[in-house]
Amino acid sequence: LPPPPTKKKGGGGGSSEVERRDWYDCLKEGYEPERFDRIIGSDLLYEDAAIAPLFAAITTHLNPGGTLVLMSPSDPALSRCILNQKLIELLRSVEGGHVTTEPLRLEYFESLGALKEW
């Protein structure tokens, strides 16, 4: 399926674009990536084979000093949590990278007004 059209939404005096991307594109020879200051993803990992292309997509598309927000269930009984931990360890291995993890509920995050700054 083709990606949905880009959507723009104003907020905090600026605008954001929402785009659907294929992680595997950045693994193709000759691929010219677009870079972003912020990348937001939710519920992305379901199999071990997806870790490498997702890692490549993040490190290819995220500007140095950029912010990645990855939301996922935190129930350790879910295999996705183990996959997320593997991705986090890869991200921590990137020179100059800074990774923090914290549990949060979206309702709490919105109540802080943090989303308005984006």
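Note that the structure is a prediction, hence the values are computed from the model and not measured. Positions are given from 1, in the same order as the sequence printed here.
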Asks: Kindly list each side-chain donor-acceptor pair under 3.5 angstrom involving residues 89-96, sequence neighbours excluded, with atom names and distances?
Replies:
| unit_1 | atom_1 | unit_2 | atom_2 | d |
| --- | --- | --- | --- | --- |
| E89 | OE2 | R92 | NH1 | 3.3 |
| S93 | OG | L90 | O | 2.5 |

Asks: Looking only at atom types and distance, does a side-chain atom of R35 sit under 3.5 Å from a main-chain N or O of L62, one as donor and one as acceptor?
Replies: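 Such a contact is found between R35 side chain and L62 backbone.
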
Asks: Spell out, yes or no, whether V99 and I39 are grouped together once hydrophobic residues are joined by side-chain heavy atoms under 4.5 Å, including indirect joins.
Replies: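 V99 and I39: one cluster.
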
Asks: Which heavy-atom pair separates W23 from P53 by the least distance, and what is that distance?
Replies: CB-O, 3.7 Å

Asks: Applying salt bridge (charged side-chain N to carboxylate O under 4.0 Å, His left out) as the test, list every pair that has at least one member in residues 57-72; sequence neighbours left out.
Replies: none

Asks: Suppose we screen for salt bridge (Lys or Arg N to Asp or Glu O under 4.0 Å). Which residues come up paired with E32, at least two apart in sequence or across chains?
Replies: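 Partners of E32 under the salt bridge (Lys or Arg N to Asp or Glu O under 4.0 Å) test: none.
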
Asks: Starting from Y46, can I reach M71 by hopping between I/L/V/M/F/W/Y residues whose side chains sit under 4.5 Å apart?
Replies: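 Result: no, two separate clusters.
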
Asks: Indicate the atoms forming the closest heavy-atom contact of A56 with C26, along with that distance.
Replies: C-SG, 3.6 Å

Asks: Please round to the nearest 0.5 Å and tell me the distance separating atom CG of L44 and atom CD1 of I40.
Replies: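 The distance works out to 11.5 Å.
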
Asks: With sequence neighbours excluded, tell me which residues meet salt bridge (Lys or Arg N to Asp or Glu O under 4.0 Å) with D37.
Replies: none

Asks: Distance check, rounded to the nearest 0.5 Å: I88 atom CD1 versus L70 atom CG?
Replies: 7.0 Å

Asks: What pairs meet the salt bridge (charged side-chain N to carboxylate O under 4.0 Å, His left out) rule with one or both residues in residues 62-73, with sequence neighbours excluded?
Replies: none

Asks: With sequence neighbours excluded, give me every side-chain hydrogen bond (donor to acceptor under 3.5 Å, both in side chains) pair touching residues 52-62.
Replies: Y31-H61

Asks: The criterion is side-chain contact (heavy atoms from CB on, under 4.5 Å); which residues satisfy it with L83, sequence neighbours excluded?
Replies: L45, D48, I51

